[in-house]
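See below for the structure under consideration.
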Number of protein chains: 2
Amino acid sequence: MAKASSAREDLIDAAVELFRARGYEGVGVAELLQKSGAPRGSLYFHFPGGKEQIGAEAVARVGAEVEQRFRELRQSGVDLDAYIDKVFKTTAQEVKEREYHASCPMAAIAAEFSSAHGPNLHAAVRGAFNAWQREIVLAALESGMNAKNAEIFASAMLASMEGAFIVSKAQVSPAAHANSARAIKALASVLRAN
Amino acid sequence: MAKASSAREDLIDAAVELFRARGYEGVGVAELLQKSGAPRGSLYFHFPGGKEQIGAEAVARVGAEVEQRFRELRQSGVDLDAYIDKVFKTTAQEVKEREYHASCPMAAIAAEFSSAHGPNLHAAVRGAFNAWQREIVLAALESGMNAKNAEIFASAMLASMEGAFIVSKAQVSPAAHANSARAIKALASVLRAN
DNA sequence: GCGTAACTAGACCGGTCGTCATAGTAGCGA
DNA sequence: TCGCTACTATGACGACCGGTCTAGTTACGC
């Protein structure tokens, strides 16, 4: 890494982690500053757009990271069932590590903003979801699924994944991830058959 | 109806609708009061516990309502595929009516509160999710699924449902609901087979 | 009319976010 | 080494909005 950590990166890191746990409106800039160790003024130097800009950049960062992980997994050449298992095992692992105090930051922000109110954050989340879905479509296509079914598959998998985050946080249990994986594998099986 | 509307009920109604759109932290009491038409002081007369109590009661109300709808649907005697379709068509309808500015209030609140922070709201959401899941288990059992598979099924269906709310709000499209329904029907088919 | 209960309005305090004037630092030419 | 400039960084400040509470008003049985 070029530099161990800049205030800018630290701020975004903190935002990602805090939004996971309490959503966007649930965390104040004071907390962001405390957790990141950055001084107050630095925030508005690096992010003239204020809290909303941090939110958008946090979303963009997570979006890109996860998209990249999807891509690498797909390019590793695993079959679709293994792909599904790997994804849901990873998400289960993530929530477990955080002791069920966190979900997906996308889900948290998506729940709070619509296109009407908060268009910037909404657009950021929408873009990230679409990128993920495109990646999943590619994985499905490579497994031999036809184009129409691949779209159905990707949409359902994305929803299951995000829902598993929500439910497992509420239930303080990783079960939803594993069970969602089974549903998506069943869907894959059906969709590949025709 | 006994009385057309009491300030108490109006407040909870407004809370449910607003939490759907912007989450718990995203709406202030001022907005709650404006939307419900209730006078400012009435809030702490009806809800000594303040905003958090309103949140808990809103969650409890939605939880009970939805549980009841699950129960009625199950008792109507439809087969499991029709049951699944009906549920996801209903959720799709709900988000469409609100023009994708709203999701499930449970999901919105679940995303913001963990057991550590906000234990009351967390418990309320958890209770509602568990009640729904129990109802879905019953429906699966009645369709001939074995007990263990019924648990898997219900957990996956709950997650898919909540995820579809999140994703369809972000994507401004009902597609996630329909596609999730397909996944859950595929899972049902697999789980009934063994 | 009187006392109790139901209800309401407005003031209140605490904390929020964003601004700004100031301070530090790196680069550079003389 | 020094002075100058441009960039980066900082925390005190204040306007504002959040949720809460107390003092007051109305409704009603007796």
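Labels below follow one simple rule: chain letters A, B, ... track the order of the sequence lines, proteins then strands, and each chain is numbered from 1.
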List every contact pair, protein side and nucleotides 17-19 of chain D side both N or O, where the distance is under 3.5 Å.
residue : atom : partner : partner atom : Å
dG19(D) : OP1  : V29(B)  : N            : 3.3
dG19(D) : OP1  : K51(B)  : NZ           : 3.1
dG19(D) : OP2  : V29(B)  : N            : 2.4
dG19(D) : N7   : R40(B)  : NH2          : 3.1

Would you tabulate the nitrogen or oxygen pairs shorter than 3.5 Å linking the protein to nucleotides 5-9 of chain D?
residue : atom : partner : partner atom : Å
dA9(D)  : OP2  : H46(A)  : NE2          : 3.2

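In this structure, L32(A) places its CG atom 14 Å from C1' of dG18(C), rounding to the nearest Å. Taking atom CD of Q34(A) as the reference point, atom P of dC17(C) lies 13 Å away to the nearest angstrom. L11(B) has its CG atom 11 Å from the P atom of dT8(C), to the nearest Å. L33(A) has its CG atom 14 Å from the C1' atom of dA12(D), to the nearest Å.
Remark: the backbone N or O of E94(B) is paired with a side-chain donor or acceptor of R98(B) at under 3.5 angstrom. At distances below 3.5 Å, at least one donor-acceptor pair connects side-chain atoms of R20(B) with backbone N or O atoms of S103(B). Side chain of S155(B) to backbone of E151(B): no donor-acceptor contact under 3.5 angstrom is found.
Judged by the 6.0 Å and 45° rule, K185(B) forms no cation-pi pair with F88(B).
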Inset, instruction - Please report the C-alpha distance between I166(B) and F165(A) in whole Å, then the side-chain angles of each, then the deciding distance to 0.1 Å, and finally whether the side-chain contact (heavy atoms from CB on, under 4.5 Å) criterion is met. - result: CA-CA 11 Å; I166(B) 297 287; F165(A) 272 115; over 6 Å; no

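Checking S36(B) against D10(B) by side-chain atom types alone, no donor-acceptor pair falls below 3.5 Å. Inspection of the S173(A) and S168(A) side chains reveals no N or O donor paired with an N or O acceptor under 3.5 Å. Side-chain contact, S115(B) with H122(B): no donor N or O sits under 3.5 Å from an acceptor N or O.
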